[in-house]
Structure formats: structure tokens, C-alpha cells
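Beneath this line is the structure, given in C-alpha cells, with notes to follow.
Everything numeric in this text was worked out from a predicted model, so none of it was measured. Below, chain A is the first sequence line, B the second, and so on; all start at residue 1.
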There are 2 protein chains.
Amino acid sequence: MTSTRDAALHADVDRPSRREQILRAAAQLFAERGSRAVGVDDVGAAVGVTGPAIYRHFSSKDAMLAEMLLRISERLADGGRDRVAAAGADPAAQLRALIDFQVEFALDNPALIVVHDRDLTSLPAPEATRVRRLQRQYVEVWVTVLARLHPGAEAADCRARAHAVFGLINSTPHSAGRLGRPAMHDLLARMAEAAATA
Amino acid sequence: MTSTRDAALHADVDRPSRREQILRAAAQLFAERGSRAVGVDDVGAAVGVTGPAIYRHFSSKDAMLAEMLLRISERLADGGRDRVAAAGADPAAQLRALIDFQVEFALDNPALIVVHDRDLTSLPAPEATRVRRLQRQYVEVWVTVLARLHPGAEAADCRARAHAVFGLINSTPHSAGRLGRPAMHDLLARMAEAAATA
DNA sequence: CGCAGAGGTTAACCGTCGTTCACGCCGGCG
DNA sequence: CGCCGGCGTGAACGACGGTTAACCTCTGCG
């Protein structure tokens, strides 16, 4: 028999629901051209339907973008917490866990990385606030770890460090896969650790 | 007496021409909301005129964006070349010169940094091509230096390294000046060098 | 003096795009 | 069987925003 969990997983990965297809296609298009430059007709066409069909699945174009950004922020915030918790008590090990996590995410989802920080400004205020809250949570996970690694440093210093490391790792969309994925993972992780502990 | 060079300098810095005012205001607004989200009326209002007045100084909104991005790319490409040339023959010194240059630029022009890589996609094809060519030139300056510092590494490796360092340094808009400027410069330069040489 | 041209203004034009409407198809369920 | 709800379509609507047009006002200069 098939549990609902298996069914959901199956639906997501193997034969995604129309809703899920739309979200994926939209993420890709938004990343390439920017959310304001892609029309609802473009998104529809990318999944083989006409523009207005979108409204059977989302209440508005903004709602699509909102769900996209909220999912990303949640995945990062949750993932960050989990990885640190699983890494034991050593701050250096926690940092490595965070770096691995972020590098994996950035290599797996370059499109989401792009949309995440480019199109936040085109999100209506209430949703934007929720996204920013989640982002802040994720940053704070990093700041906490960095603060333990640099006992003398003030919080602002650690926050700037965190953002700098994000920028470093999230450069993946710019250096489109000329290097193999394992080599890329290794390189970024090494650079990130060096930067974070410098 | 006042040489034409002094006059130009004076005009740019002290009492900028309307054209220059517009370009500055537009850069600020574009950075905050994204070029597609700000109207010509907004830009006009920011310098105290109405929207259509813009067309006395620029042929179109796209032309404004184009000039903005071309200037940035040129400043970076030229500045990069100059700094390396002035740094002597030692690759490590050249790297430090490039890092200093990029950090200064990023701290001086956070708005331009944002517009530079977010709004390139909303630029018409011919101008976008020119901007990309300049960007490539700048990247190549970095790649050349990095290649000499990592004799074993292949070009793709050095290119990824360069983009990662850009991402690191260009994180300035995200960590808005909570840290003092000298401290920020120092921190970023140290992290960048550690990352570049890891 | 008077004209020219630079730089502004308001009003209008028009294409694009998000969104809604009215309708059609189809598959499951009573 | 017959109805109903999920999905999709093409057409139309309405707002917004870039661009143009027509007109006005200064300033400098022959």
C-alpha cells in the first residue's frame, strides 16, 4: 500500500502536480529574466497551458512569487538549524556543516538563489516581511556559530562575515558549471572556510 | 585659472549637471526597487522635475540604464588594469591591489553594485553585450593574477575563484554599514585574500 | 529688440500585462 | 444516467507606464 507521505513524495518528484510544475517553470524563468519581465503567459507556455490557467492554481502572480520565496527561506532556515544541531558541540564542525549545506543548496538550486535575492523587492510588503524574518533567522544561526569561533568579535562583525560568506557561495549562478560539480563543491567549501576563519 | 579638466571635475562633484543628477538618482532608485519597478516619473520627482523632462537628457529609460551599466563596467575594467599595472610584478601584491580596489568600489557604490548584476537582464541585447564584454575583461584581469598564484589550477578553477571573491566583496549592500567603514574594508580585504589563496 | 534653443510642463496616446468572465470538456460519484 | 467540480480556453477589461506632442518660459547673443 502507499502511504500519503509516499504519494506526496512520488507526486513531487516523479509526476509533479500542475501547481508544482508551474512553480518550477516560474522559478527558472524568473531567474533568467527577473519576475517583472516574465508574463503570466510565459509561465503558462512553459508548462503547456495558456496564461489565465495559472489562476486555477494561484490567486495571483505575486502569490506565486511569495510561495517560491517563502519555501526557499524556510528550507534554508530549517536546514541550517538541523545541520548545526547534528554537528555536535564543536563550533568548527558546526561551521563546516553550515558551509556544506549552503554549498549543496547553491549548487542544486542556482535559479532559486538568484530569485531569492533579486526579486524580494517585488514582493508585496506583508509577504516580504515574513521572508525577511526567515532570512534573519538563518543569518542568526550563522552568526551564533561565527561568534563562538571569533570570541573577540562584535555581533556586527560576525553578521558582515556571514553575508560575505553567503555572497561567496552564492556566486554559483555566475560561474555556470564549467568546473565539475564535485570540484566546485570542494573549491567553494575550502574558500568559504578560509574566509570565515580569516 | 580653471582648466577644462578642473571645470569638469567641479561640475561633476560640486554642482552636477541635470543629466548627472538624474543618473545618480536613478541609480539609487533602481538599486532600491529594481529598474523595472521605478517609473520615469519617480526618477524625475527625485531630482525635482516631472517624468517627461527626462527625455530632454536621455533618449529612453533603457538608454539611462545602459549608460549607468556601461560606466560601471568601464570603471571596473579600467581600474582593475591600472591597479595591477601599478602593483609591480609580484602576483601576491597584484592580488592585494585588486582586492583593495574592489573593496573600495563596493563600499563607495553599494547602489551601483546592486544594479550592476540585477538589472543587466533588463538591458536590450546590443548594450547588454557590450557590458558583458567589459565584465569579461575585468574578470580576465583577476583570472590572470589568480592563475599565477595557483600554478597548478586550470582556468575554470580560477574563474570560479574570481566570481566567488566578487560575491564575497559585493556583499556590502546586504550588510548595511553597521560596522564602521575602515573596519569593514579591513574585514572584507582579509576574508577575500584568505579565500583567494585557499 | 528679437529670435533660438535648451529645458520644463501638462495632456494624450498606446502597448503591455495582470486579472476576470463566460463558456467548454471530462472524469468520478451518487 | 446525470450532475458537479476541477481545469483549461479565448476574449475582454482596466490600469499602469513609457513615450510623444504641443505649448510655455527663460537666457544669451547677434
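- A sub-4.0 Å separation between OP1 or OP2 of D:dG8 and a side-chain N or O of A:Thr50 is absent.
- Remark: A:Arg75 does not engage A:Asp108 in a salt bridge, criterion side-chain N to carboxylate O under 4.0 Å.
- Residue B:Phe30 contributes atom CZ, which lies 13 Å from atom P of D:dG17 at whole-angstrom precision.
- One finds a salt bridge joining A:Glu104 and A:Arg83 here, because a Lys/Arg side-chain nitrogen approaches an Asp/Glu carboxylate oxygen to under 4.0 Å.
- For B:His57, the listed nucleotide lying nearest its side chain is C:dG7; candidates were D:dT20, C:dG7, C:dT19.
- With rounding to whole Å, B:Asp42 atom CG is found 12 Å from D:dG18 atom C1'.
- Here the nucleotide nearest the side chain of A:Val40, chosen from D:dT20, C:dG18, C:dT9, is C:dG18.
- Between A:Tyr55 atom OH and D:dC7 atom P the separation is 17 Å, expressed in whole Å.
- Rounded to whole angstrom, the span from the CG atom of A:Asp41 across to the C1' atom of C:dG15 amounts to 14 Å.
- A salt bridge is absent between A:Arg96 and A:Asp100; no separation between the charged side-chain nitrogens and carboxylate oxygens falls under 4.0 Å.
- Considering only side-chain N and O atoms, B:Arg18 lies nowhere under 4.0 angstrom from the phosphate OP1 or OP2 of C:dA6.
- Nearest-nucleotide positions on DNA chain C place A:Gly39 closer to the 5' end than the other of A:Gly39 and A:Arg56.
- Under 4.0 Å is where a charged nitrogen must lie from a carboxylate oxygen, and between A:Arg24 and A:Glu20 no such pair does.
- Comparing A:Ser35 and B:Gly51 by the nucleotide of DNA chain C that holds the closest heavy atom to each, the one mapping nearer the 5' end is B:Gly51.
- Atom NZ in A:Lys61 sits about 15 Å away from atom C1' in D:dA15, given to the nearest Å.
- Here A:Val38 lies in heavy-atom contact (under 4.0 Å) with sugar-phosphate atoms only.
- Here the P atom of nucleotide D:dG18 and the CE atom of B:Met64 are 10 Å apart, to the nearest Å.
- The aromatic rings of A:Trp142 and A:Tyr138 lie perpendicular to each other, with more than 60° between the two planes, well past the 30° mark.
- For B:Arg36 and C:dC17, the CZ to P distance is 8 Å, given to the nearest whole Å.
- Atom P of nucleotide C:dG8 and atom CZ of B:Phe58 are separated by 12 Å, given to the nearest angstrom.
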